[in-house]
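Structure provided below as structure tokens; questions to follow.
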Amino acid sequence: GMAAPAALRRSVVSPAGRHTASLIFLHGSGGTGEGARAWIKQILNQEMSFQHIKVIYPTAPDRPYTPMKGAFATVWFDRYKISNDCPEHIESIDSMCRGITDLINDEIKNGIAKNRILIGGFSMGGGMAMHVAYRFHQDLAGVFALSSFLNKDSAVYQALKRNESVLPELFQCHGTADELVLYSWGEETNKMLKSLGVSTSLHTFPNLNHELNRTEIEKLKSWIEKKLPVEAAKAN
């Protein structure tokens with residue numbers, strides 16, 4: 001069978017206090033965990049950190065990437081092209097779902113309940129997060145997708161058509177001026193997931209291209225705190 005995927009390299013922001021929840025942030029194509037962490041820190045003028053939530057920024061393995069003519073890039077999966085109108089490269093998506101499952105299981109081994117773990121990301125990272133949560137880990141606390149999309153015939157949609165359980169809420173943000181991942185692709189993803197029973201929100205940012213901004217990160221932060229509230233100390 002397949003060799004077990006190597007553990008993903010990760011950059012971690014520890015909680016200030018007792019660790020009772022975890023957040024996994026997946027970078028965009030060609031990025032790194034360290035890069036995503038530094039980008040958010042630059043936007044906020046400080047680390048995105050919490051009293052009780054550990055923030056994990058993993059780095060995708062290096063692999064040949066078809067949109068770059070097969071050059072190696074740190075991408076979560078391959079794509080035939082950057083479009084919502086082509087088949088998904090399901091083999092590479094599924095292999096990375098296994099790698100991210102290992103990361104989730106590490107948190108569970110650290111004593112964090114599955115419903116106290118959030119996953120999301122920017123661009124391709126958000127697409128990856130939707131595959132992980134809606135196909136394999138429907139008991140996670142929530143999912144966020146910033147400037148992201150799913151292909152028209154996504155395996156995520158196929159999985160949800162057969163689904164009966166309560167699904168993690170989706171927090172989506174997208175700039176209307178995005179020239180790489182069109183706003184309409186994000187909007188269509190949102191409508192499809194909503195029609196399949198996902199509770200979704202889509203925050204629209206006029207004039208924002210394929211990037212993050214401060215208002216967006218601050219909105220995300222308050223949503224994270226709502227989904228992963230501080231737990232009352234348990235009496236012994």
Side-chain angles (χ1 to χ4, degrees), residues 2 5 8 19-26 50 52-56 58 76-77 84 87-122 124-146 148-174 185-203 219-220 222-232 234:
M2 291 280 295
L8 298 168
H19 175 210
T20 67
S22 296
L23 167 69
I24 299 168
F25 189 107
L26 306 176
F50 303 88
H52 59 296
I53 307 167
K54 175 194 204 180
V55 185
I56 305 161
W76 299 109
F77 49 86
N84 71 343
E88 289 174 322
H89 196 288
I90 202 69
E91 191 185 347
S92 61
I93 291 173
D94 286 358
S95 134
M96 192 45 58
C97 284
R98 289 195 291 277
I100 293 169
T101 293
D102 291 344
L103 190 61
I104 292 168
N105 287 338
D106 284 348
E107 292 312 292
I108 294 167
K109 284 182 200 119
N110 286 331
I112 304 304
K114 196 108 170 261
N115 65 0
R116 297 280 293 165
I117 301 172
L118 267 181
I119 189 167
F122 174 72
M124 175 187 259
M128 187 73 232
M130 290 187 275
H131 275 272
V132 169
Y134 294 121
R135 293 177 56 213
F136 300 104
H137 298 283
Q138 296 180 345
D139 42 359
L140 289 170
V143 187
F144 60 92
L146 315 173
S148 306
F149 73 102
L150 291 169
N151 294 29
K152 281 188 191 297
D153 206 20
S154 177
V156 172
Y157 303 149
Q158 310 310 318
L160 294 182
K161 279 173 185 159
R162 303 184 293 273
N163 175 66
E164 298 298 312
S165 63
V166 178
L167 297 159
E169 184 187 326
L170 175 68
F171 176 94
Q172 233 181 312
C173 294
H174 215 115
W185 301 354
E187 193 176 37
E188 192 178 306
T189 299
N190 192 281
K191 285 193 177 124
M192 273 300 289
L193 290 172
K194 189 169 264 171
S195 76
L196 292 165
V198 177
S199 159
T200 67
S201 59
L202 174 57
H203 304 269
K219 264 197 168 116
L220 173 64
S222 30
W223 180 77
I224 291 165
E225 285 165 339
K226 191 183 87 197
K227 299 308 289 182
L228 299 174
V230 176
E231 287 183 327
K234 293 182 181 71

Does the pair S165 and Q138 meet the rule for a side chain to side chain donor-acceptor pair (under 3.5 Å), with working shown?
-> CA-CA 8 Å; S165 63; Q138 296 180 345; 2.9 Å; yes
Taking all non-hydrogen atoms of both residues, which atom of S154 and which atom of E88 are closest, and how far apart?
->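 Taking S154 first and E88 second, the nearest heavy atoms are OG-OE2, 2.8 Å.
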How would you list, by chain and number, every residue that makes a side-chain hydrogen bond (donor to acceptor under 3.5 Å, both in side chains) with S201, sequence neighbours excluded?
->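 By the side-chain hydrogen bond (donor to acceptor under 3.5 Å, both in side chains) rule, S201 matches H203.
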Quick one: do I117 and L23 satisfy side chain to side chain contact (heavy atoms under 4.5 Å, CB included)? Show the steps, please.
-> CA-CA 6 Å; I117 301 172; L23 167 69; over 6 Å; no
Could I get the full list of salt bridge (charged side-chain N to carboxylate O under 4.0 Å, His left out) partners for K152, not counting sequence neighbours?
->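 For K152, the residues satisfying salt bridge (charged side-chain N to carboxylate O under 4.0 Å, His left out) (neighbours in sequence not counted) are E188.
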Applying salt bridge (charged side-chain N to carboxylate O under 4.0 Å, His left out), name anything that partners D94, two or more places apart in sequence or on another chain.
->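 Partners of D94 by the salt bridge (charged side-chain N to carboxylate O under 4.0 Å, His left out) criterion, ordered by chain and then number, come out as R135.
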Please identify each residue that fulfils salt bridge (charged side-chain N to carboxylate O under 4.0 Å, His left out) with K54, with sequence neighbours left out.
-> E107
CA sep, side-chain torsions, deciding dist, call: F25, F122, ring pair (Phe, Tyr, Trp, His ring centres under 6.0 Å) = CA-CA 8 Å; F25 189 107; F122 174 72; 8.0 Å; no
Between Y157 and Y134, is the gap from one ring center to the other below 6.0 Å?
->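 For Y157 and Y134, the ring centres are not under 6.0 Å apart.
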Residues in side-chain hydrogen bond (donor to acceptor under 3.5 Å, both in side chains) contact with H19, at least two apart in sequence or another chain = S22
For S148 and L146, indicate whether the former's side chain and the latter's backbone hold a donor-acceptor pair under 3.5 Å.
-> yes
Partners passing side-chain hydrogen bond (donor to acceptor under 3.5 Å, both in side chains) against N105 (at least two apart in sequence or in another chain) = none
